[in-house]
Asker: 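Attaching a single structure in structure tokens format; questions to follow.
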2 protein chains.
Amino acid sequence: MSSTYTRESAAEGVESALKLLEGRWKLVILFHLFGGHVLRFSDLERSIEGISQKMLIQQLRQMEADGIVRRIVHHQVPPKVEYCLTDWGQALCPALDALLGWASQRDRAAAASESPPGRVA
Amino acid sequence: MSSTYTRESAAEGVESALKLLEGRWKLVILFHLFGGHVLRFSDLERSIEGISQKMLIQQLRQMEADGIVRRIVHHQVPPKVEYCLTDWGQALCPALDALLGWASQRDRAAAASESPPGRVA
DNA sequence: CGGTATCCAAAGCGATACTG
DNA sequence: CAGTATCGCTTTGGATACCG
């Protein structure tokens, strides 16, 4: 941890960052858009199993307001709206990778110490 | 993103990792324990402003069950219980740092593109 | 096609009181 | 000191129906 942050400000900073990712479907949407993919509303709806229109639009709207997702409206009939990540949204990739790496250390770390196995989420 | 993961498994992996950190007070507790600090229940209660006993014990118990926090009971009267991070819990630091770094890129990224400022959490 | 609107159930959280 | 128990509010998410 760099010395730029106090214990409290770091906690708040990470907390507000995590808030942007909280929501039942945000990460799923994110991973569908990673890699520069540009998808229509109906594409996302079809490829994300179990999501409702309400939740899809809600999560997309929040991520758009947060600057993670960009919404592209093509004014035509029938309507066509596409979604992709902003540069900043794309930049999430390494951070999520770090989190994934941490999660993968779980078993090795548990084996190294004598601590109990613990609950598996 | 390494090629070890599919779009879906990566989403699930990160999702389950984030689940371990979700909870109103977990990050705050985490940051109080980072750096190898060993704190008593009452220490945490006093240093974390606004937390109730119920929430403190609840978040600690979950993090303990998840293998992030270790609980050390000293059998004596009056009771004395201490909490610290497991090795794996300590290993969260770089991942959270990456998230903090991403969050700090927000303004620069917004300035670079012509996208609207967006909601500030 | 790409949304809104409404209603309801479940989970999260806070306040308060009590206990070994 | 270090918890547990209970209650009620608030937030979140799912199901369904409707609209431009």
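The model shown is predicted, which means the values in this text are computed figures rather than measured ones.
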Asker: So where does chain B start and stop touching DNA chain C, 5' to 3', when the test is distance under 4.0 Å to a non-hydrogen atom?
Answerer: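 The contacted stretch runs from dC13(C) to dG20(C).
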
Asker: OP1 or OP2 of dG3(D) versus the side-chain N and O atoms of Tyr83(B): is any pair under 4.0 Å?
Answerer: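 Checking Tyr83(B) against dG3(D): at least one side-chain N or O falls below 4.0 Å of OP1 or OP2.
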
Asker: Using a heavy-atom cut-off of 4.0 Å across all strands, would you classify Lys54(B) as base, sugar-phosphate, or nothing?
Answerer: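 The residue Lys54(B) makes base contact.
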
Asker: Contact class for Gly23(A) (heavy atom, under 4.0 Å): base, sugar-phosphate, or nothing?
Answerer: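 It contacts sugar-phosphate atoms only.
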
Asker: Which is true for Ser42(A) with a 4.0 Å heavy-atom rule: it touches a base, it touches only sugar-phosphate, or it touches nothing?
Answerer: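 Answer is sugar-phosphate: Ser42(A) comes under 4.0 Å of backbone atoms only.
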
Asker: In whole angstroms, how far is the C1' atom of dG3(D) from the NE2 atom of His74(B)?
Answerer: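 It is 16 Å, rounded to the nearest whole Å.
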
Asker: Could you list the donor-acceptor pairs under 3.5 angstrom formed by side chains in residues 42-49 of chain A, with sequence neighbours left out?
Answerer:
from: Asp43(A); atom 1: OD1; to: Arg46(A); atom 2: NH2; distance (Å): 3.4
from: Asp43(A); atom 1: OD2; to: Arg40(A); atom 2: N; distance (Å): 3.0
from: Ser47(A); atom 1: OG; to: Asp43(A); atom 2: O; distance (Å): 2.7
from: Ser47(A); atom 1: OG; to: Leu44(A); atom 2: O; distance (Å): 3.4

Asker: Ignoring backbone atoms, establish whether Arg71(B) has a side-chain N or O less than 4.0 Å from OP1 or OP2 of dA2(D).
Answerer: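 Answer no for this pair, as no side-chain N or O of Arg71(B) is under 4.0 Å from OP1 or OP2.
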
Asker: Just checking Arg46(B): base, sugar-phosphate only, or nothing, at a heavy-atom cut-off of under 4.0 Å?
Answerer: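 No contact.
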
Asker: So, is Arg24(A) close to the dT12(D) phosphate, meaning a side-chain N or O under 4.0 Å from OP1 or OP2?
Answerer: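 No.
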
Asker: Starting from C1' on dT12(D), measure out to CE on Met55(A) and report it in whole angstrom.
Answerer: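 After rounding, the gap between these two atoms is 7 Å.
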
Asker: Is the Trp88(B) ring parallel, tilted or perpendicular to the Trp102(A) ring (thresholds 30°, 60°)?
Answerer: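 The rings of Trp88(B) and Trp102(A) lie parallel, inter-plane angle below 30°.
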
